[in-house]
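To start, the structure under review is shown below, and the notes come after it.
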2 protein chains.
Amino acid sequence: MPNGAQALIETLVAAGIDTCFTNPGTSEIHFVAALDSVPEMRAVLTVFEGVAAGAADGYARMAGTPAATLLHLGPGLGYGLANFHNARRAKVPVVSIVGDHATYHAGYDPPLQSDIETIARNVSSWVRTSRSAGELPGDAAEAIAAASGPPGQVATLIVPADVSWQEGAEAATARLPAAAPPVSPAAVEAIAKALRDSARTALLLGGVALREPGLLAAARVAAATGAKLFAERSTPRLERGAGLPAVERLAYWPELAAKQLGGLEQLILVDAQPPVAWFAYPGAQSSLVPDGCSVHELAPPAGDVPGSLEALVSALDAGDAQPTLRTASVPGRPEGPLTAEKACQAIGAILPEGAIISDEAITSAAALPANTAGAPRHDWLTLTGGAIGQGLPVAVGAAVACPDRPVLALQADGSALYTIQSLWTMAREQLDVTVVIFNNRGYAILDAELARLDEPVAGERARALLDLGDPDLDFVKLGGGLGVPSRRAETAEELMRSLQQGLAEPGPHLVEAVLPAVVSKA
Amino acid sequence: MPNGAQALIETLVAAGIDTCFTNPGTSEIHFVAALDSVPEMRAVLTVFEGVAAGAADGYARMAGTPAATLLHLGPGLGYGLANFHNARRAKVPVVSIVGDHATYHAGYDPPLQSDIETIARNVSSWVRTSRSAGELPGDAAEAIAAASGPPGQVATLIVPADVSWQEGAEAATARLPAAAPPVSPAAVEAIAKALRDSARTALLLGGVALREPGLLAAARVAAATGAKLFAERSTPRLERGAGLPAVERLAYWPELAAKQLGGLEQLILVDAQPPVAWFAYPGAQSSLVPDGCSVHELAPPAGDVPGSLEALVSALDAGDAQPTLRTASVPGRPEGPLTAEKACQAIGAILPEGAIISDEAITSAAALPANTAGAPRHDWLTLTGGAIGQGLPVAVGAAVACPDRPVLALQADGSALYTIQSLWTMAREQLDVTVVIFNNRGYAILDAELARLDEPVAGERARALLDLGDPDLDFVKLGGGLGVPSRRAETAEELMRSLQQGLAEPGPHLVEAVLPAVVSKA
């Protein structure tokens, strides 16, 4: 009979989980050794845990099913915590396996001993430490079910080393995820009535409402009632481009988001939270719901989100309403020295059909939505939890999940540095990812935050903390050092050429887009 | 009157904490803005939180006093958790400041909301969220006192944004750290009696017992009684070299450590834990204490460790005993193609007086102790908590604490990747650090662990997870990309030349030492 580690992998594979992003250590060595006995499991090596966690997020966003991660005790989980936080906010399924000391070893307080369950609870509502090889497959089956939702979540299964190495385990069968419960007709009718009562209504779409079926149904509702459509700022996976309904994302800056929502009398949440500013500012409100606007919920994240929108279409007799769809439209080819705006235009000009965009370009991506609105159909994966370092790992996971689709990772210079190790895994796995680094040599978002302060203008010591230009980062060398062919673009023409080359050739490529510096030198 | 952030910085500076390693975000922007009003505080920018946490550890190991860190909410703390774990195990003082959402904002569950206290508890027994600007300086003073110990610890102060920006705060005065309580004469006499009773006794030294006063006293005890001296495997700061007593570190592999301790009847702990294997193995004991050996404690970490050793010298009338000291002895200059052993020999041959070694070279450093035992006096900082990614950040902190001493960071290729972003801060601050990357293109320690398994030899899929040679990492490019002049050495002569050049010139330098690959290709 197999040992615990083998039975664990067999249980995962039997539930369709055949990909594991890992950075293993000694307490996981039996899992590593077991891989040759269960060849259906693909183990993808990452050289930093934040890459593994974010790759599992990106994988789940595109595959719709969980990947596993395998990390090394509490410190390994700690390095992964930021991207598990993003995965939690994306409501995606992840089976996070964390190796631990043998059950009897922990009491001796060896150097790596820590309280793994406590760390995990921040990102997982399902956390369990398995106590024996006999129980491990059943625990794994429960973890898989918990992760699968609805909604998806990060489920953390802690596996002590002796639980892995004990013999006599047998693979278990995970329960299939339950179908999401339908929304009651009365609740749908109440929303339909609200929509009939006032045209100053908007639907705020999040989560799975941003996929094609939800978007088309929502657009029919909008066409029939005059309601506006908004998407939450954080979109785990937004389907967009020519032929799909347009939906405006809420702005990052609260005063701009307040303008978007201004004048509304009713806001209807569809797999979305009541809108809130990312950060608080002195004297400003946290909530973005306009004064006097009532908030209703059509479907919670755990509900049948597309089904509820379809039911709303029926209740409104809107089945024949013609949704407004984006027509094809591609920006002209930019020329001359690069700016962030020209870089976004270049991306809009060349975006291929079926592209997956992992967007963590932050301020540099401001012009991206307008420049890609009429592009060929694509998926847009954005920063869901605000934990920096998501973009490159999510691109890794998306590329593993969708090997036949081009992945474009749009990444700010500052945010790239948290999980730059992603590039090595792209090279190792020869993933078809084209990385664009927007190098403006500073934390531009913090420069803007500093400028918003009421206080006397911050001085040179404050500004120095936002300046990444001393010394300049050389992403062509960083990419090359991690095994990815890398080029520098200083003009729009060079960027277009490099992008097209990157997209045309298999395997990963990196382009460093050199932009004007954003942080004024002291 | 100053706002909360200004009063916080003033409170730190008044307590002698004038260095803050940071990677700030929006919730910390008022702290950033306040830096220009309190110029005594030096803020050191890191581009990844793991660097900030490890730098504070390295700083405290060398300065003996805490630095502050400033990180961005739960995810930022998560990225820092591994190196805070190492700092906890090193028992060093760190004041970890974590920005949070404004007190009233958290209830809206904005994207970055998480339970920061829960994350912090894994590394901090002192955790507090400050509730107002008026309370913040007092909270900071308590954090400083808690961090200072004895023994030192990571104290976590969570500062909501509105607590930073509110006006009307006033700097507070931190209580000075209490002197460690002396060990009772009766307890010292009991240990003296044990030492007189049996020569098959060893002192196991850890923590501050590994500094010169403790080492000299312990060596007198050894000379007078015939007791052996051992150091724990994890040494926060071991003073060694010519003119200091020799003390043997316990081996990593439990069977080797068991041999070192074999035949002992008594083991006396001095700021040390009962020895335990780093990891458990099937059929092997966790404890490294030989059967029948009794364990005694002379001084706990919170006690007066050097004072207890001095008292023991007196109780044994060993004041005139001549401690055995290392004589000066330097290995010959190695020649020819590099191996890990020759690299260690090269380091021993050129080690300058007063060097600080940050050692995370793992398997490649096996020959280092023998090759540096008779070198000029130096400090040796090792991996205390087993959480990988410590070496380069600790080198950053040590170099900031000791700008007049050469720092040598000895780093394995695999472990270098977790916190490679350290190099940028070395370049930004022009720290005098010479980094040696031992590039053997694999996780050699895991290769050894895999080879120890009883099971049928692991196959190619397992071995692939230990192989960093596909693609090869190019550390010369990585160093250059992060602003550090970098060279490659393939022979012992090239390594010697590069080391001497790096040590002679100011600012950071990197040498990639190319070693034979350790993981056999499938």
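For the numbers below, each heavy atom of this structure counts, side chains included, while hydrogens, waters and symmetry mates do not.
You'll find the side chain of B:Leu288 stays beyond 4.5 Å of the side chain of A:Tyr108, heavy atoms only. B:Asn23 is listed as a side-chain neighbour of A:Tyr418, based on a closest heavy-atom distance under 4.5 Å. Considering only heavy atoms from C-beta on, B:Leu446 stays 4.5 Å or farther from A:Val32 through its side chain. Counting heavy atoms from C-beta outward, B:His30 and A:Leu453 have side chains that approach closer than 4.5 Å.
Atom CG of residue A:Asp115 and atom OG1 of residue B:Thr118 lie 10.0 Å apart, to the nearest 0.5 angstrom. How far CG of B:Asn122 is from CD of A:Glu117: 11.0 Å, rounded to the nearest 0.5 Å. Of the inter-residue distances, the one linking A:Arg428 atom CZ with B:Asp470 atom CG reads 5.0 Å to the nearest 0.5 angstrom. Separating the OG atom in B:Ser114 from the CZ atom in A:Arg121 is a distance of 15.5 Å, to the nearest 0.5 Å. To the nearest 0.5 angstrom, B:Leu45 atom CG is 6.5 Å from A:Leu468 atom CG. To the nearest 0.5 Å, atom CH2 of residue A:Trp278 and atom NE2 of residue B:His101 are 9.0 Å apart.
When heavy atoms are compared at a cutoff of 4.5 Å, A:Thr46 approaches chain B solely by way of its backbone atoms N, CA, C and O. Contacts between B:Arg452 and chain A at a heavy-atom distance below 4.5 Å are absent for every atom of the residue. Proximity to chain B is absent for every atom of A:Glu28, based on heavy atoms less than 4.5 angstrom apart. When heavy atoms are compared at a cutoff of 4.5 Å, A:Ala161 does not approach chain B at all. Residue A:Ile388 touches chain B through its backbone alone, counting heavy-atom pairs closer than 4.5 Å. Neither the backbone nor the side chain of A:Phe84 comes within less than 4.5 Å of any heavy atom of chain B. For chain A, the nearby part of B:Leu81 is the side chain; its heavy atoms alone come within less than 4.5 Å. Of the two parts of A:Asp109, the backbone and the side chain both hold a non-hydrogen atom closer than 4.5 Å to a non-hydrogen atom of chain B. For B:Val289, no part lies under 4.5 angstrom from a heavy atom of chain A. Residue contact with chain A, scored on non-hydrogen atoms closer than 4.5 Å, is absent for B:Ser37. Looking at A:Phe475, neither its backbone nor its side chain comes within 4.5 Å of chain B, counting heavy atoms on both sides. For B:Arg89, the part lying near chain A is the side chain, with the backbone staying farther off; criterion is any non-hydrogen pair under 4.5 Å. Interface residue B:Ala277: backbone and side-chain heavy atoms are both found under 4.5 Å from chain A.
Considering only heavy-atom pairs separated by less than 4.5 Å from chain A, the leading option among B:Ser286, B:Gly386, B:Gly483 is B:Ser286. Ranked by heavy-atom pairs under 4.5 Å with chain B, the list A:Pro160, A:Ala102, A:Gly78 is led by A:Gly78. Annotation: maximal heavy-atom pairing with chain A below 4.5 Å, among B:Val484, B:Ile445, B:Leu112, occurs at B:Leu112. Ranked by heavy-atom pairs shorter than 4.5 Å toward chain B, the options A:Pro24, A:Ala464, A:Pro274 are led by A:Ala464. Between chain A and the options B:Met41, B:Gln166, B:Arg42, the largest number of non-hydrogen pairs under 4.5 Å is found for B:Met41. Listed options B:Val44, B:Thr419, B:Leu450 were ranked by heavy-atom pairs under 4.5 angstrom with chain A; first place goes to B:Leu450. With chain A as the partner, the residue from B:Ile116, B:Asp474, B:Val476 showing the most heavy-atom pairs under 4.5 Å is B:Asp474. When A:Ala82, A:Pro110, A:Ala280 are compared by the number of non-hydrogen pairs under 4.5 Å with chain B, A:Ala280 comes out ahead. Looking only at heavy-atom pairs under 4.5 Å with chain B, the residue among A:Val123, A:Leu77, A:Val51, A:Val276 that has the most is A:Val276. Each of B:Gly479, B:Gly50, B:Ser287 has some count of heavy-atom pairs under 4.5 Å with chain A, and the biggest count is that of B:Ser287.
The minimum heavy-atom distance linking B:Ala284 with A:Tyr104 is given by the pair O-OH, 4.4 Å. Shown here for B:Arg461 and A:Val38, the closest heavy-atom pair between the two residues is NH2-O, 3.7 Å. A pairwise comparison of heavy atoms in B:Gln421 and A:Gln421 identifies NE2-NE2, 3.8 Å as the closest pair. The minimum heavy-atom distance linking B:Gly389 with A:Tyr79 is given by the pair CA-OH, 3.9 Å. Across all non-hydrogen atoms, the minimal contact from B:Ala462 to A:Ala33 is CB-CA, 4.1 Å. The shortest non-hydrogen separation linking B:His85 to A:Gln113 is CE1-O, 3.4 Å.
Here A:His105 and B:Phe279 keep their ring centres 6.0 angstrom or further from each other.
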Quiz item: Stepwise, does the side-chain contact (heavy atoms from CB on, under 4.5 Å) test hold for A:Leu478 with B:Leu482?
Solution: CA-CA 8 Å; A:Leu478 284 172; B:Leu482 292 162; 3.8 Å; yes
Practice problem: Assess whether side-chain contact (heavy atoms from CB on, under 4.5 Å) is satisfied between B:Thr22 and A:Leu465, documenting all intermediate values. | Solution: CA-CA 9 Å; B:Thr22 182; A:Leu465 286 189; 4.1 Å; yes
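Looking only at atom types and distance, the side chain of A:Tyr281 has no donor-acceptor partner in the side chain of B:Asp162 under 3.5 Å away.
Ring-plane geometry between A:Phe48 and B:Phe48 is classed as perpendicular, the angle between the planes exceeding 60 degrees on a 0 to 90 degree scale with a lower cut at 30.
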